[in-house]
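One structure is given below, encoded as structure tokens.
Computed over heavy atoms, backbone and side chain alike; hydrogens, waters and symmetry mates excluded.
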Amino acid sequence: MTHIHYPRLTHLALHVRDLDACLQFYHDFCGMKETHRRESGPQTIVWLAEPGRERDFVFVLMNGGEDLHLGERDYRHFGFALQSRAAVDALAERAGQAGCLLWPPRDEPFPVGYYCGVKDPNGNQVEFSFGQPLGPVES
């Protein structure tokens, strides 16, 4: 019997202008932890992962990039699941206080759920949601 292997997404890599600000953002808002760092001349490469998922999926940030300037109707984003609607509301409140809230919390029909949007220091859009079939269930 032949085993069929499909490619598996293991990481996303981004060049960013302000590496330290982006590392702090993904730590503070997404709970990601640094799992690897290396320097190669002027290049710094940092791997971030959610606790417990270090061998499953990493986010790679590298210095030397430019800020991302998305058009008003450009909805590309990274999506993170939260454990409840209240968690979405609390994160949106923190993002509002930090000046990086893009979309206040809103409800959409299944499978979208309840979500808000935040902008990272490099201009990437990050969605925080509850109620999508990809995330945790309310506890």
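The shortest distance between side-chain heavy atoms of L19 and V46 falls below 4.5 Å. When side chains are defined from C-beta on, M32 does not count as touching H27, because their heavy atoms never get closer than 4.5 Å. Side-chain contact check for W103 versus Y115: some heavy-atom pair is nearer than 4.5 Å. Counting heavy atoms from C-beta outward, C116 and L91 have side chains that approach closer than 4.5 Å. With a 4.5 Å cut-off on side-chain heavy atoms, F78 and Y26 count as touching. Q125 has its side chain out of reach of V118: every pair of non-hydrogen atoms, C-beta onward, lies at least 4.5 Å apart. Using a 4.5 Å cut-off on side-chain heavy atoms (C-beta onward), C100 and F29 make contact. The shortest distance between side-chain heavy atoms of E50 and F80 falls below 4.5 Å.
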Walk me through it: do D74 and H69 pass the test side chain to side chain contact (heavy atoms under 4.5 Å, CB included)? CA-CA 10 Å; D74 193 328; H69 301 283; over 6 Å; no

Tell me, with the steps shown, if L68 and R17 meet side chain to side chain contact (heavy atoms under 4.5 Å, CB included). CA-CA 9 Å; L68 182 63; R17 183 184 52 78; over 6 Å; no

Please determine whether side chain to side chain contact (heavy atoms under 4.5 Å, CB included) holds for the pair R37 and T44, giving the CA-CA distance in whole Å, both sets of side-chain angles, and the decisive distance to 0.1 Å. CA-CA 7 Å; R37 177 184 289 252; T44 301; 3.7 Å; yes

Assess whether side chain to side chain contact (heavy atoms under 4.5 Å, CB included) is satisfied between C30 and F128, documenting all intermediate values. CA-CA 9 Å; C30 303; F128 294 93; 3.7 Å; yes

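Using modelled atom types and a 3.5 Å distance limit, the side chains of E39 and Q43 yield no donor-acceptor pair. Residues T35 and E54 have side chains that never bring a donor and an acceptor to within less than 3.5 angstrom of each other.
Taking each heavy atom of H15 and G65 in turn, the nearest pair found is CB-CA, 3.6 Å. Minimum heavy-atom separation, A49 to V58: CB-CG1, 4.1 Å. The minimum heavy-atom distance linking N122 with V16 is given by the pair OD1-CA, 3.4 Å. D18 approaches A21 most closely through the heavy-atom pair OD1-N, 3.0 Å. Smallest separation of non-hydrogen atoms from C22 and L61: CB-CD1, 3.9 Å.
By the 4.0 Å N-to-carboxylate-O rule, R94 lies too far from D89 to be salt-bridged with it.
Side-chain atoms of N63 come within 3.5 Å of backbone N or O of P42 as a donor-acceptor pair. Remark: side-chain polar atoms of H77 are paired, donor with acceptor, to backbone N or O of Y75 under 3.5 angstrom.
Cluster annotation: M62 and L23 are assigned to distinct hydrophobic clusters (Ile/Leu/Val/Met/Phe/Trp/Tyr, side-chain heavy-atom contacts under 4.5 Å, transitive). Two different hydrophobic clusters hold L48 and I45 under the rule that ILVMFWY side chains link at heavy-atom gaps under 4.5 Å. Residues L12 and V126 share a single hydrophobic cluster, defined by chaining ILVMFWY side chains whose heavy atoms lie under 4.5 Å apart.
Screening residues 110-128 for salt bridge (Lys or Arg N to Asp or Glu O under 4.0 Å), with sequence neighbours left out, gives no hits.
Atom CG of L9 sits about 5.0 Å away from atom CZ of F57, to the nearest 0.5 Å. How far CG of L82 is from CD of Q132: 10.0 Å, rounded to the nearest 0.5 Å. Distance check: R53 CZ to K33 NZ gives 15.5 Å after rounding to the nearest 0.5 Å.
The six-membered or imidazole ring of F130 lies away from that of Y114, with a centre-to-centre distance of 6.0 Å or more.
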